[in-house]
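Take a look at the structure below.
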Amino acid sequence: MWNNIENMILYEDKEIIVCHKAAGIAVQSARIGIPDMESTLKNYLASKNPGTMPYLGIVHRLDQPVEGVLVFAKNKRAAAGLTGQITSGSVTKEYLAVTDQKPENVQGHLEDYLKKDGKTNTSAVVTSKTDRAKKAVLDYEVLNEVSDERISTGKRILVRIQLGTGRHHQIRVQMAHAGMPLLGDRKYNPEDSSGLPLGLCSCHLVFRHPVTGKKLEFQVTPKGECFAGFPNI
């Protein structure tokens, strides 16, 4: 797969490159010899322009077990433009998630304060007065459910999530706190015995081209096992 990074590329021009990151691949890794999106894309760009040192700006991230759409900048001007949009909240980020707990309301709005623990690489819901707590906002909508006897509740439930903020492990933490932990989440759903990979995909990304200003929209279909069997996904 890593010899075919082109298969992950959804769009590319002189300024940006948009990819469908596979689950299990880190965006950036400190571990020598372990391939990640940053090093693989830099190698790809270098192969197209031998003798040059390619620039690759990471403007947002996905957790290693999460698949989905990512945009990278190919120069500093594009990186600044994309970062500005993300900081201002003008980028649309939609996810598909899978849980085995159906909420009382099929639509909902979650607002919490999260604090990251760097030592354990986890985040937790805390009070608004907690030191270094950051506000986290998302909206969710239940889309569908399918039967699955591997799951303790006998069903998998598909939820669409729109992020209002971009906090560390935000969706995983907020959904677990709200009683809808994600299937396959080893950190925030330790009681899950399904054996499935994490049911989370960044499926829809909308932003303005950082140079031309043109609206760009990318949508992908999740490939993870958690998403199998849902109609019209």
Side-chain angles (χ1 to χ4, degrees), residues 21 23 26-30 57-71 79-143 153 156-192 196-207 222 224 226:
K21 182 185 93 66
V27 173
Q28 196 174 33
S29 177
I58 298 173
V59 296
H60 66 136
R61 300 167 187 269
L62 292 175
D63 297 342
Q64 187 165 337
V66 180
E67 68 167 303
V69 187
L70 277 172
V71 57
L82 291 169
T83 299
Q85 292 180 63
I86 291 168
T87 303
S88 68
S90 59
V91 174
T92 297
K93 297 178 185 177
E94 284 187 356
Y95 288 71
L96 288 173
V98 182
T99 178
D100 63 355
Q101 301 292 332
K102 194 169 186 177
E104 290 183 14
N105 302 313
V106 295
Q107 291 183 315
H109 177 79
L110 301 181
E111 285 192 19
D112 297 293
Y113 284 84
L114 306 184
K115 183 175 180 179
K116 179 180 177 180
D117 184 338
K119 292 181 180 178
T120 60
N121 191 35
T122 59
S123 288
V125 174
V126 295
T127 69
S128 60
K129 297 179 180 178
T130 303
D131 185 40
R132 297 193 303 279
K134 294 182 177 180
K135 189 175 183 180
V137 178
L138 66 78
D139 293 283
Y140 71 83
E141 178 186 8
V142 175
L143 299 179
T153 60
R156 283 182 284 124
I157 296 153
L158 183 67
V159 183
R160 179 168 54 218
I161 294 168
Q162 182 153 343
L163 275 185
T165 52
R167 306 305 181 199
H168 177 255
H169 290 177
Q170 179 181 334
I171 293 173
R172 298 162 66 182
V173 178
Q174 285 195 280
M175 292 293 281
H177 184 70
M180 297 175 282
L182 303 191
L183 281 172
D185 195 339
R186 310 287 180 259
K187 286 193 173 183
Y188 302 104
N189 189 12
E191 296 180 4
D192 174 23
L196 291 167
L198 178 63
L200 186 59
C201 174
S202 171
C203 63
H204 188 201
L205 187 69
V206 185
F207 58 93
C226 261

*May I ask you to decide if Cys226's main-chain N or O and Arg156's side chain share a donor-acceptor pair within less than 3.5 Å?*
yes
*Mind listing the closest non-hydrogen atom pair of Val69 and Leu62 along with its distance?*
O-CD1, 4.1 Å
*Would Arg172 and Leu198 count as a side-chain contact (heavy atoms from CB on, under 4.5 Å) if you check the C-alpha gap in whole Å, the side-chain angles of each, and the deciding distance to 0.1 Å?*
CA-CA 10 Å; Arg172 298 162 66 182; Leu198 178 63; 4.1 Å; yes
_Between CG on residue Leu200 and CE on residue Met175, distance to nearest 0.5 Å_ = 9.0 Å
_Can a donor-acceptor pair be found, under 3.5 Å and without considering hydrogens, that links the side chain of Lys115 to the backbone of Thr127?_
no
*Under 3.5 Å donor-acceptor, Asp117 side chain and Lys119 backbone*: yes
*Say you draw a straight line from CD1 of Ile157 to CE of Met180; how long is it, rounded to the nearest 0.5 Å?*
9.5 Å
*Let me know which of Gln107, His109, Gln162 forms a side-chain hydrogen bond (donor to acceptor under 3.5 Å, both in side chains) with Asp139.*
His109
*Could you check Lys135 against Thr165 for side-chain contact (heavy atoms from CB on, under 4.5 Å), going step by step and ending with a plain yes or no?*
CA-CA 8 Å; Lys135 189 175 183 180; Thr165 52; 5.7 Å; no
_Asp63 versus Lys21, closest heavy-atom pair with distance_ = O-NZ, 3.5 Å
*asked:* Please check this pair: side chain of Arg132 against backbone of Thr130, looking for a donor-acceptor N/O pair closer than 3.5 Å.
replied: no
*Side chain to side chain, Pro222 and Glu67, heavy atoms closer than 4.5 Å*: yes
*asked:* Let me confirm one number: the CG-NZ distance from Leu205 to Lys93, rounded to the nearest 0.5 Å.
replied: 7.5 Å
_Within this structure, what is the OG1-CD1 distance for the pair Thr83 and Ile58, rounded to the nearest 0.5 Å?_
11.0 Å
*Have a look at Val159 and tell me which of Leu143, Val106, Thr99 forms a side chain to side chain contact (heavy atoms under 4.5 Å, CB included) with it.*
Thr99
*Hey, is the main chain of Val71 close enough, under 3.5 Å, to the side chain of His60 for a donor-acceptor pair?*
yes
*What heavy-atom pair brings Gly179 and Pro181 nearest, and what distance separates the two atoms?*
C-CD, 3.3 Å
*asked:* Show, in sequence, the C-alpha distance, side-chain angles and deciding distance for Glu111 and Val137, and conclude whether the side-chain contact (heavy atoms from CB on, under 4.5 Å) test is met.
replied: CA-CA 5 Å; Glu111 285 192 19; Val137 178; 3.9 Å; yes
*Backbone N or O of Asn121 within a donor-acceptor pair of the Lys187 side chain at under 3.5 Å?*
yes
*asked:* Test side-chain contact (heavy atoms from CB on, under 4.5 Å) on Val125 and Leu114; report intermediate values, then the result.
replied: CA-CA 5 Å; Val125 174; Leu114 306 184; 3.6 Å; yes
*Sub-3.5 Å donor-acceptor pair from the side chain of Asp185 to the main-chain atoms of Tyr188, do we have one?*
yes
*Is there side-chain contact between Ser202 and Leu70, with at least one heavy-atom pair below 4.5 Å?*
no
_On a heavy-atom basis, which atom in Asp192 and which in Gly184 lie closest, and how many Å separate them?_
OD2-N, 2.6 Å
_Nearest-0.5 Å distance that lies between atom CG in Leu183 and atom OG1 in Thr153_ = 7.5 Å
*About how many Å separate CZ of Arg160 and SG of Cys203, when rounded to the nearest 0.5 Å?*
8.0 Å
_I'd like to know if the side chain of Asn189 reaches the main chain of Leu182, judged simply by a donor and an acceptor atom lying under 3.5 Å from each other, with no hydrogens or angles considered._
yes
*Would you check if the side chain of Gln174 reaches a backbone N or O of Ala136 as a donor-acceptor pair within less than 3.5 Å?*
yes
_With no hydrogens and no angle check, just 3.5 Å: does a side-chain donor-acceptor pair link Ser123 and His168?_
yes
